Peer 1: 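Provided herewith is a single structure, encoded as structure tokens, for subsequent inquiry.
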Amino acid sequence: MQQVAAEAEELSLAERAYRAIRDRLVMLEIRPGAPINEEQLGQSLGVGRTPVREALKRLQYERLITTYPRRGTFATEVNITDLAHISEVRLELEPLAAAQAARRATAADRANLTALRTELEDGGLGRDPAELMRLDLRVHRAVYTATHNPYLEDTLVRHDNLATRIWCLFVDRLSGMAGHVEEHGPLIAAIVAGDADRSAWLARSHVEGFERAVREAI
């Protein structure tokens, strides 16, 4: 029993480490190209090296870190040429996710989305860019969860993370950022209302607007 409990604790620590390191990479708090130090990460998160190593394995698969033989592990660079590839995937899957969320969202999902919409309306314009991007991530992830399709959710979380890194890189040049985040208000309303067609249309428009804004900022 003790071994099972220890393994469960290790898994929970690995998950906590994964989420914390992932979001530092996504928000560019760990800068592109920066070396990844397992010991320092473990100390900052209050976990041992094993959970950190497990987290890094997942993050390498998700293209957020890369390992070079005899050189070490580094945060991946943000390459603007990846935008077209990422958008190609998101233009197909974001509308699908929004439509499925409208069809499948549980009462708990709708309550969570409604709370996020209230948060958007209560202070979106007054937030600093980092807070806005974190709120954007939370909204996207809540929509993906509401699809109740773990494969679709996993794919979209990974691509949204990569898109957010591009956004963070150009945030100082982007105008109308708060408006872009607040576009989620009508999308959430459509999902909560169960309007799959409108949800899909709004999601596609949102992705198109994101790509257009980034290209204009380059």
Side-chain angles (χ1 to χ4, degrees), residues 19-20 22-29 83 86-87 89-149 152-217:
R19 294 185 183 191
R22 175 195 66 187
D23 288 350
R24 290 185 189 183
L25 289 161
V26 169
M27 295 296 296
L28 304 191
E29 292 170 9
L83 179 61
I86 294 167
S87 293
V89 174
R90 294 181 72 221
L91 280 169
E92 295 298 323
L93 296 187
E94 290 278 357
L96 172 62
Q100 294 296 62
R103 297 184 183 106
R104 298 174 176 171
T106 63
D109 293 328
R110 295 176 198 279
N112 184 36
L113 286 165
T114 299
L116 286 168
R117 185 185 180 193
T118 300
E119 196 171 338
L120 283 168
E121 293 170 348
D122 283 350
L125 286 169
R127 297 173 186 270
D128 68 31
E131 287 182 359
L132 279 170
M133 280 186 279
R134 288 190 180 93
L135 180 55
D136 184 82
L137 282 169
R138 287 167 56 204
V139 171
H140 278 276
R141 290 170 184 175
V143 172
Y144 306 153
T145 298
T147 68
H148 296 278
N149 180 332
L152 180 60
E153 179 180 2
D154 179 65
T155 300
L156 276 170
V157 165
R158 288 190 285 115
H159 284 82
D160 187 50
N161 287 341
L162 296 172
T164 300
R165 293 187 89 219
I166 294 173
W167 193 7
C168 287
L169 191 66
F170 292 97
V171 66
D172 293 338
R173 305 185 207 173
L174 291 170
S175 61
M177 178 179 169
H180 177 77
V181 176
E182 289 176 346
E183 287 177 4
H184 290 307
L187 173 59
I188 290 173
I191 291 171
V192 170
D195 189 337
D197 290 340
R198 179 165 173 76
S199 297
W201 181 81
L202 287 168
R204 184 175 184 86
S205 297
H206 183 73
V207 176
E208 289 172 340
F210 169 77
E211 183 175 13
R212 186 165 54 248
V214 171
R215 292 199 180 281
E216 289 173 354

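Bear in mind the structure is a predicted one, so any value in this text is a computation, not a measurement. Excluded from the calculations below are hydrogen atoms, water molecules and symmetry mates; all remaining heavy atoms, backbone and side chain alike, are included.
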Peer 1: Check salt bridge (Lys or Arg N to Asp or Glu O under 4.0 Å) between R212 and all other residues, then give those that pass, not counting sequence neighbours.
Peer 2: none

Peer 1: What I want to find out is whether R90 reaches E211 closely enough, with some N-O distance under 4.0 Å, to be called a salt bridge.
Peer 2: no

Peer 1: Is E29 salt-bridged to R134, cutoff N-O under 4.0 Å?
Peer 2: yes

Peer 1: Do you know the tightest heavy-atom contact between S199 and A98?
Peer 2: O-CB, 3.4 Å

Peer 1: Any side-chain heavy atom of R141 within less than 4.5 Å of one from N161?
Peer 2: yes

Peer 1: Within this structure, what is the CG-CG distance for the pair L28 and L169, rounded to the nearest 0.5 Å?
Peer 2: 6.5 Å

Peer 1: Counting N and O atoms only, with roles assigned by atom type, does the side chain of R165 sit under 3.5 Å from a partner on the main chain of L25, one being a donor and the other an acceptor?
Peer 2: yes

Peer 1: I'd like to check Y144 versus Q100 (side-chain heavy atoms, cut-off strictly below 4.5 Å). Are they in contact?
Peer 2: no

Peer 1: With under 30° as parallel and over 60° as perpendicular, where do the rings of H184 and H206 fit, or are they tilted in between?
Peer 2: tilted

Peer 1: What's the spacing between F210 CZ and I86 CD1 if we round to 0.5 Å?
Peer 2: 8.0 Å

Peer 1: Would you indicate whether the side-chain heavy atoms of D160 and W167 approach each other to under 4.5 Å?
Peer 2: no

Peer 1: Please check if the number of heavy atoms outside D154 that lie under 6.0 Å from its CG is greater than 12.
Peer 2: yes

Peer 1: Determine whether L156 and V143 make a side-chain contact, defined as any pair of heavy atoms from C-beta on separated by less than 4.5 Å.
Peer 2: no

Peer 1: Would you check if L93 and H159 make a side-chain contact, meaning some heavy-atom pair closer than 4.5 Å?
Peer 2: no

Peer 1: Are any non-hydrogen side-chain atoms of R22 and V157 less than 4.5 angstrom apart?
Peer 2: yes

Peer 1: What distance do E183 atom CD and L120 atom CG have between them, rounded to the nearest 0.5 Å?
Peer 2: 11.0 Å

Peer 1: I'd like to check the side chain to side chain donor-acceptor pair (under 3.5 Å) partners of E216; sequence neighbours left out, ordered by chain and number.
Peer 2: none

Peer 1: Would you say D136's side chain and L132's backbone share a donor-acceptor pair under 3.5 angstrom?
Peer 2: no

Peer 1: OG1 of T155 to CD of E92: how many Å apart, nearest 0.5 Å?
Peer 2: 13.5 Å

Peer 1: Partners of T106 by side chain to side chain donor-acceptor pair (under 3.5 Å), sequence neighbours excluded?
Peer 2: D109

Peer 1: For the residue pair H140 and T164, establish whether any side-chain heavy-atom pair is separated by less than 4.5 Å.
Peer 2: no

